[in-house]
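Beneath this line is the structure, given in structure tokens, with notes to follow.
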Amino acid sequence: MEYDFLKIEQKWQSRWAADGTYKVKEDPSKPKYYVLDMFPYPSGAGLHVGHPLGYIASDIYSRYKRLKGFNVLHPMGYDAFGLPAEQYAIQTGQHPEKTTDINTARYRQQLDRIGFSYDWSRELRTCDPAYYKWTQWAFLKMFSSWYNPALDKACPIDDLVKLFESEGYDGISPEQWAAASDKERADILMRYRIAYLGETSVNWCEGLGTVLANDEVKDGLSVRGGFPVEQKKMKQWQLRVSAYAERLLASLDGLDWSDSLKEMQRNWIGKSEGTEVVFNTLCDGRELPVTIFTTRVDTIFGVTFMVLAPESELVHQLTSEAQKAEVEEYLKYVKTKTERERIAETKTVTGVFSGAWGVNPLSGEKVPIYISEYVLAGYGTGAIMAVPAHDSRDYAFAKKFGLPVVPIIEGCDVSEQSFDAKDGIMCNSGFLNGMQVKQAIEAAKDYVEEKGLGRRKTNYRLRDAIFSRQRYWGEPFPIYYKDGIATPVDEADLPLRLPEISSFAPSAKGEAPLERAKDWTYKGYPLETSTMPGFAGSSAYYLRYMDPHNDEALVSRQANEYWQSVDLYVGGTEHATGHLIYSRFWNKFLFDLGYVCKDEPFNKLINQGMIQGRSNFVYRIVGTNTFVSLGLKDSYETTEIHVDVNIVRNDRLDIEAFKAWRPEFADAEFILENGEYVCGWAIEKMSKSMYNVVNPDDICNTYGADTLRLYEMFLGPVEQSKPWDTKGIDGVNRFLKKFWRLFYDRDSFLVTDEQPSASELKALHKLIAKEQQDIESFSYNTTISAFMIALSDLGDCHKRAILEPLVVLLSPFAPHIAEELWEALGHSDSVCCTSFPEYKAEYTIEDSITYPVQFNGKLRFTLDLPAGSTPAQVEEAARTAPQTEKYVGGGRIVKVIVVPGRIINIVVK
RNA sequence: GCCCGAAUGGCGGAAUUGGUAGACGCGCUGGACUCAAAAUCCAGUGUCCCUUAAAGACGUGCCGGUUCGAGCCCGGCUUUGGGCACCA
């Protein structure tokens, strides 16, 4: 019987679906394990061969854990709200829901074809009202909570109201509170809510007609679509992520994530410990204290000017009459610049003198105050003290505006550039003179606090997340405006469904599409018209999988306590500063309120690498329709043309297919080498325009899903990015055929009940040990190698006692063929119901040998080892052997390395 | 500019974490089977010297160090991938 993978794979895929093989439910008798993939956004292009890489890796791990006796939760769903479907809707008028349905169905088809062990009964989509009910619910909880710094956690906002009523809080007395109107009270509370409406400078993207979060903008362009982004002041819903900055930072340490990813999050959170110092200022005779933030108070004697951010509220108060016109012109200039221009021009220094002066609280010196865009309004206090001698940005500004540079570290040269290092001995600095810089930093902080000039302050780069989008295809906010006061929709009325609208485009006035919705009201009042961003739906989806059909709660306590949190999360690094921060924040918030039992959502995280494309080229001789093979192209003047990789095999062009590919190549001529046309190649991103997209369906059709799975893993470590090259796939396909032939030849079943030999058992157990070790460390490529070695060690072994465990070992990698052979061996239930073979054998020395121990080129002693010696016995023998010539200083045996049947080396120190 | 990571044959990548460098696979070369091809199987395949083999020498981006022993550890570079970027 031949290995008919198409038939086998179809058979088992439909059987798994019919039997619900991978359905799981809480089972307290078994340990649980939760394996999660980052769910995909179902794009119109479908999956290419790079997408399933992580899914295959996690599926292997899930199947392995099942064999190890764990109750494995392994769900899948779709991140279905998003921009592409909406952009498509704007262009075509097609409802995004329709596009999403079509794409989702196609994704499902493609995923099923690969044979994943997902529990599809738990499938979810973020655009499903039954799902987004819980996204809205969480938003309401955030709206009605505040971050209580005393308890360092989120608490009901009612607690804060009580605080205002009883003893007052944060400068608001009970009397003031009592006297405040409803509107005033609402405004006060808004300043504390976790989800709040606030005016900020936002990333406005004209091209998309919406605001974007920081992680959705890169180099001044929108990540989706690549449209320019500008800064704009707008009133937007925001999430107080910044309140969690310290906790998000602190609990990173306990997570089993890669160091680089943790480092990325640490940088994004950007903790910096410094000092706030109050400078008195003078402007047209008025006095005004201004607080600045610095991490280098020690340099305060080197301050020669101060700078305000253009957006700072202090600008108006600190502009003198004389400078007013000039300042206003500068502010106008700054406003017209887009974010992209600002980034592009970071090296050009701009600014204007405000006309005001600041007084150095330590030296009493008067310094001018400037306004410049290099100071950011959103960080610190939006005002700085400038020390050009020891800060490169201040230095550049000072040079441009001819301001003095006063060094305060002995012997440093500031004629060409600033001296930024925190190293050296202080000078020109009053009481700090003679101290080491690091010492001076602490001394200056202490001094400032003692004298009441300022205080220590920790700042974070992490900003609150902008949560409003002026788009249609997202979750509606469960908020309505009662007499202008943002009011939550009753929980009982959730989900608040997305209304039908006539056109999906933003209105000409830049208003959100929901402005067009008829009767978009609640209790007779208007509803919020912006919708939530993409990350809203993906922030707690892992919780919903635990209990996906629950109408009463996001997740029941019982389900949550069983599944706890995600044990293994697999996905790309691109979410490092977006989804992975928001989810952690969201989870911590729910934890604070007692809805979930774990503080962190994802214990272990594996970042799969990207699969790049491998493009092929043909070379057309300029001005002709003649193509020259790679090896000969240097004799001609040629143009390089991308050619579809699907009509190239092993870099040899299928000439007939090429002629048929495009009409203009129908009568192409070729200059061949050795009768073949050899194509050039390059590693590029996998994309349609490079004609290098490989579709997993095609691979499944020609080689089978098991081969695809095996090959994707064989390509290299999961975490590493690597190019897809179909060339090597024959190797793993050959392996599966070979495996099949251990069971079947042309027409008979070969398996016997013979007793296995010692060497066969050894080959098997070597593999068991290797696979166990490799899967635990996600080193799947070496497991597959080990399989190939085992097969060649076993030769023509057809013994059941060997083959049966071999099938189980193969099943996580190639489940379909494993099921088929498992059934052939006479088992009626799925191979996933059995357990992982136990590792028993211990390697021993096969034949008795006399082993010469050499080091440093000389024979030191010999060991007589009887057959059957274990590594421990060999080591003991080596330790106690009389050495014929001791190593200088006295050699000591520390380690004996034994591989099956052979001593490799004896380590002497 | 700052912060991480990587560099091993023609290619993807192994190396028991300081102990036979190049496992396994691809590709290539030769052979068997075949009328022929496909499929399958066998052998060879780091470089240099050489008709070949043996033997030898060299060999993990570069320079130096530690060590009996370095792909792995330390110092200094080069190239490259990724992240952040006026964050005071």
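Because the structure is a prediction, the values reported are computed rather than measured. Chain letters run A, B, ... following the sequence lines, proteins first and then strands; every chain starts at 1. Values reported hereafter were calculated over all heavy atoms of this structure, with side chains retained and with hydrogens, waters and symmetry mates removed.
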- D745(A): salt bridge (charged side-chain N to carboxylate O under 4.0 Å, His left out) partners, not counting sequence neighbours: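 Counting only residues at least two positions away or on another chain, D745(A) forms no salt bridge (charged side-chain N to carboxylate O under 4.0 Å, His left out).
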- Message: If the condition is salt bridge (charged side-chain N to carboxylate O under 4.0 Å, His left out), which residues does E2(A) pass it with, not counting sequence neighbours?
- Response: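 Salt bridge (charged side-chain N to carboxylate O under 4.0 Å, His left out) check on E2(A) returns nothing, list empty.
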Starting from [atom2] on [N], measure out to [atom1] on [X] and report it in whole angstrom.
X: D774(A); N: C24(B); atom1: CG; atom2: C1'; value: 12 Å
X: K766(A); N: A23(B); atom1: NZ; atom2: P; value: 14 Å
X: Y711(A); N: C24(B); atom1: OH; atom2: P; value: 18 Å
X: F279(A); N: A88(B); atom1: CZ; atom2: C1'; value: 12 Å
X: D730(A); N: C11(B); atom1: CG; atom2: P; value: 20 Å
X: L708(A); N: G25(B); atom1: CG; atom2: P; value: 20 Å
X: R461(A); N: A88(B); atom1: CZ; atom2: P; value: 10 Å
X: Y703(A); N: G25(B); atom1: OH; atom2: C1'; value: 14 Å

Taking only the [atom1] atom of each, what is the distance from [N] to [M] in whole angstrom?
N: U16(B); M: A7(B); atom1: P; value: 14 Å
N: A14(B); M: A23(B); atom1: C1'; value: 5 Å
N: U45(B); M: C24(B); atom1: P; value: 12 Å
N: G9(B); M: G61(B); atom1: P; value: 7 Å
N: G71(B); M: G18(B); atom1: P; value: 13 Å
N: A53(B); M: G44(B); atom1: C1'; value: 14 Å
N: U78(B); M: G27(B); atom1: C1'; value: 31 Å
N: A70(B); M: U8(B); atom1: C1'; value: 14 Å

- Shortest non-hydrogen contact from K457(A) to N459(A)?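 Where K457(A) meets N459(A) most closely, the heavy atoms are NZ-OD1, 3.7 Å.
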- So, for V307(A) and A386(A), which heavy atoms are closest and what is the spacing to 0.1 Å? CG2-CB, 4.3 Å
- Would you write out the dot-bracket form of RNA chain B, 5' to 3', with Watson-Crick and G-U pairs under 3.5 Å, [ ] for crossing pairs, | for pairs to other strands and . for unpaired bases? (((((((..(((......[....)))((((((.......))))))(((.......)))..(((((..]....))))))))))))....
Who are the side-chain contact (heavy atoms from CB on, under 4.5 Å) partners of [X], not counting sequence neighbours?
X: Q608(A); answer: L53(A), V570(A), V718(A)
X: V278(A); answer: P289(A), T291(A)
X: M264(A); answer: T573(A), A576(A)

Side-chain H-bond candidate by donor/acceptor type, [X] with [Y], under 3.5 Å:
X: Q612(A); Y: S721(A); result: no
X: D654(A); Y: Y677(A); result: no
X: S785(A); Y: Y780(A); result: no
X: T782(A); Y: S779(A); result: yes
X: Y460(A); Y: S242(A); result: no

- Message: Give the residues of residues 296-306 of chain A touching RNA chain B, defined as any heavy atom closer than 4.0 Å, sorted by residue number.
- Response: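 Only R296(A) qualify.
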- Item | Whether Y395(A) side chain and V414(A) backbone form a donor-acceptor pair below 3.5 Å |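 Yes; judged by distance alone, with no hydrogens or angles, the pair exists.
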Can you check nucleotides 38-46 of chain B for protein contacts, nitrogen or oxygen pairs under 3.5 Å, and list what you find?
{"residue": "U40(B)", "atom": "O3'", "partner": "R741(A)", "partner atom": "NH2", "Å": "3.3"}
{"residue": "C41(B)", "atom": "OP1", "partner": "R741(A)", "partner atom": "NH2", "Å": "3.4"}

- Residues in side-chain hydrogen bond (donor to acceptor under 3.5 Å, both in side chains) with T783(A), at least two apart?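 Expected list: D774(A).
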- Message: If you assign L376(A) and M788(A) each to the RNA chain B nucleotide with the nearest heavy atom, which residue ends up on the more 5' nucleotide?
- Response: M788(A)
- Would you kindly compare Y374(A) and I789(A) by the position of their nearest RNA chain B nucleotide and give the one closer to the 5′ end?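 The answer here is I789(A).
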- Item | salt bridge (charged side-chain N to carboxylate O under 4.0 Å, His left out) partners of residues 292-301 of chain A, not counting sequence neighbours, each pair once | R296(A)-D298(A)
- In sequence, state the C-alpha distance, the side-chain angles, and the governing distance for T577(A) and Q265(A), and then conclude on side-chain hydrogen bond (donor to acceptor under 3.5 Å, both in side chains). CA-CA 6 Å; T577(A) 52; Q265(A) 290 216 338; over 6 Å; no
- Message: Heavy atoms from C-beta onward define the side chain here; which of C84(B), A23(B), A88(B) lies closest to that of T294(A)?
- Response: A88(B)
- Message: Angle between ring planes, Y711(A) versus W724(A), binned at 30° and 60°: parallel, tilted or perpendicular?
- Response: perpendicular
- Query: Mind checking whether H579(A) and H575(A) have parallel, tilted or perpendicular rings, split at 30° and 60°?
  - Reply: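 Correct class here is perpendicular.
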- Message: Is S272(A) close enough to A88(B) that one of its side-chain N or O atoms is under 4.0 Å from OP1 or OP2 there?
- Response: yes
- Query: Where does U17(B) land, syn or anti, given syn is within 90° of 0?
  - Reply: syn
- Assign G9(B) to syn or anti; the rule is syn for a glycosidic angle within 90° of 0 and anti otherwise. syn
Table of protein N/O atoms under 3.5 Å from nucleotides 1-10 of chain B N/O atoms:
none

Tabulated below should be each protein N or O lying under 3.5 Å from an N or O of nucleotides 12-14 of chain B; please produce it.
{"residue": "G12(B)", "atom": "O2'", "partner": "L715(A)", "partner atom": "O", "Å": "2.6"}
{"residue": "G13(B)", "atom": "OP1", "partner": "Q720(A)", "partner atom": "NE2", "Å": "2.7"}
{"residue": "G13(B)", "atom": "O3'", "partner": "N781(A)", "partner atom": "ND2", "Å": "3.3"}
{"residue": "A14(B)", "atom": "OP1", "partner": "N781(A)", "partner atom": "ND2", "Å": "3.2"}

